[in-house]
Protein chains: 2
Amino acid sequence: MQRPFVHPALEDITLESVLYALADPTRLAIIRKLASRGCPTNCQTAAPDNLPKSTQSHHYQVLREAGLIRSERRGTEVVNTLRCGEIDGKFPGLVPAIMKAASLSLPDCDGGKPAA
Amino acid sequence: MQRPFVHPALEDITLESVLYALADPTRLAIIRKLASRGCPTNCQTAAPDNLPKSTQSHHYQVLREAGLIRSERRGTEVVNTLRCGEIDGKFPGLVPAIMKAASLSLPDCDGGKPAA
DNA sequence: GCAATAGTTCGGCACTCTTGAACTAATGAA
DNA sequence: TTCATTAGTTCAAGAGTGCCGAACTATTGC
């Protein structure tokens, strides 16, 4: 828990890594939950129920290294925020198209309020 | 070469499998080449240069089973066509957004003419 | 200090990617 | 028909990666 988080610079974010990160149903669910909140959310809250912590940690790492989320420590917890704004500057419309496709084909991620 | 090709029905195509298939740089390159042609293209033509045939075959199988391409035997060769029209009916804008992001961030796939 | 909470790291099994080698199928020439 | 060529598939194996339980670390609060 001591190693600092590594976030790629915008120019180092690649299309492949973004698609790879979102191709996993668990990670897609996490991103959808984060999007539906629109505010920093800690790891447990955004992850699907009953997901082992080590698996959560792994998925957050993948999402972070793909450039999709930004993680910050707050006391004992880690809060995650989407970097969709940045990514949308680099790949316009990409993440929204995937989120839209997810909402069309997948069950509601959260029952939560839609992103502001 | 005798087993018939299996193509999923439109309702069996999932977002995850589409994203998974496109998350691989080799497969994304194949799809981009197919899109740039806009006509049925055989396997060797659409695959990157110097890719072993067995690897090609594997990637085409993944793309086929994800529902992204349709394959048909024509004599000794197999021609592949995109199913983007069908997929766009199910996930509107998804594949175009990925293709657009690819053209923004990746080197030109082919030097070929853009899709009609 | 001790317990609880929130994540991380490690080890191992399973699955995937890639490739060479061997194989099958269709075509064309002799 | 036979043979060679072309195009792609199937198999097996090594390298790499993902997922999860178990053990660990760090912070908070009593």
Side-chain angles (χ1 to χ4, degrees), chain A residues 1-8 14-31 33-34 37 39-66 68-81, chain B residues 1-7 14 16-31 33-34 37 39-66 68-81:
Chain A
M1 207 153 168
Q2 63 282 31
R3 287 193 189 72
F5 291 131
V6 177
H7 299 93
T14 68
L15 175 60
E16 280 91 352
S17 61
V18 169
L19 293 178
Y20 169 78
L22 293 178
D24 182 278
T26 303
R27 290 192 290 263
L28 183 58
I30 290 173
I31 294 295
K33 271 202 189 180
L34 289 176
R37 300 279 163 89
C39 59
T41 302
N42 73 357
C43 292
Q44 274 201 160
T45 307
D49 289 342
N50 303 321
L51 191 67
K53 289 193 299 177
S54 56
T55 308
Q56 288 180 36
S57 198
H58 166 69
H59 286 314
Y60 282 107
Q61 183 180 18
V62 172
L63 290 169
R64 197 159 46 233
E65 293 177 351
L68 281 161
I69 63 172
R70 187 175 298 281
S71 303
E72 290 170 282
R73 303 185 196 286
R74 291 256 217 284
T76 70
E77 59 185 19
V78 175
V79 297
N80 299 287
T81 47
Chain B
M1 207 151 167
Q2 62 284 29
R3 288 195 189 70
F5 291 132
V6 177
H7 299 93
T14 68
E16 281 90 354
S17 62
V18 169
L19 293 178
Y20 169 78
L22 292 179
D24 182 279
T26 303
R27 291 191 289 263
L28 183 58
I30 290 173
I31 293 296
K33 271 202 189 180
L34 289 176
R37 299 280 162 89
C39 59
T41 302
N42 72 357
C43 292
Q44 274 201 161
T45 306
D49 289 342
N50 303 321
L51 192 67
K53 290 192 300 177
S54 54
T55 307
Q56 287 179 37
S57 198
H58 167 68
H59 286 311
Y60 282 108
Q61 184 180 18
V62 172
L63 290 169
R64 197 159 46 233
E65 291 177 353
L68 281 161
I69 63 172
R70 188 176 296 280
S71 303
E72 289 170 283
R73 303 184 196 286
R74 290 257 215 284
T76 69
E77 59 184 18
V78 174
V79 297
N80 298 287
T81 47

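Order of the sequence lines sets the chain letters (A, B, ...), proteins ahead of strands, with each chain counted from 1. These figures come from a predicted structure and were not determined experimentally.
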When rounded to whole Å, the CZ to P distance for the pair A/Arg73 and D/dT28 reads 12 Å
Per atom distances to the A/Val78 side chain, the nearest of C/dG7, C/dT18, D/dT9 is C/dG7
Picking from C/dT19, C/dC10, D/dC19, the nucleotide nearest the side-chain atoms of A/Ser54 would be C/dC10
A/Ala47 and A/Lys33 have their tightest heavy-atom pair at O-NZ, 3.5 Å
Correct closest heavy-atom pair for A/Ala66 and A/Ser17 would be CB-O, 3.6 Å
Q.
Would B/Arg70 and B/Phe5 count as a cation-pi pair here, with the cationic atom under 6.0 angstrom from the ring centre and within 45° of the axis?
A. no
- Query: Phosphate oxygens OP1/OP2 of D/dC19: is one of them under 4.0 Å from a side-chain N or O of A/Thr55?
  - Reply: no
From CZ of B/Phe5 across to P of D/dG8 the rounded distance in Å is 9 Å
By nearest-nucleotide position on DNA chain D, the 5'-leaning member of A/Arg74 and A/Pro52 is A/Pro52
Between NE2 of B/His58 and P of D/dA12 the distance, given in whole Å, is 17 Å
Considering only heavy side-chain atoms of B/Tyr20, the closest of C/dT5, D/dG8, C/dC17 is C/dC17
In this structure, CD1 of B/Ile31 is separated from CG of B/Leu68 (nearest 0.5 Å) by 5.0 Å
Between CG of B/Leu63 and P of D/dG8 the distance, given in whole Å, is 14 Å
Rounded to whole Å, the CD-C1' distance (A/Gln61 to C/dG7) equals 12 Å
note: A/Glu65, atom CD; D/dT17, atom C1'; distance rounded to Å ~ 13 Å
Separation of C/dT19 atom P from B/His59 atom NE2, nearest Å, is 8 Å
Taken in chain and number order and not counting sequence neighbours, the residues that satisfy side-chain contact (heavy atoms from CB on, under 4.5 Å) with B/Pro25 are A/Glu16
B/Lys53 atom NZ is separated from C/dA22 atom P, nearest whole Å, by 13 Å
Looking only at D/dC20, C/dT8, C/dC17, the nucleotide nearest the B/Asp24 side chain is C/dC17
- Would you please confirm or rule out a distance under 4.0 Å between OP1 or OP2 of C/dA6 and any side-chain N or O of A/Thr76? no
Any A/Arg27 side-chain nitrogen or oxygen under 4.0 Å from OP1 or OP2 of D/dC19: yes
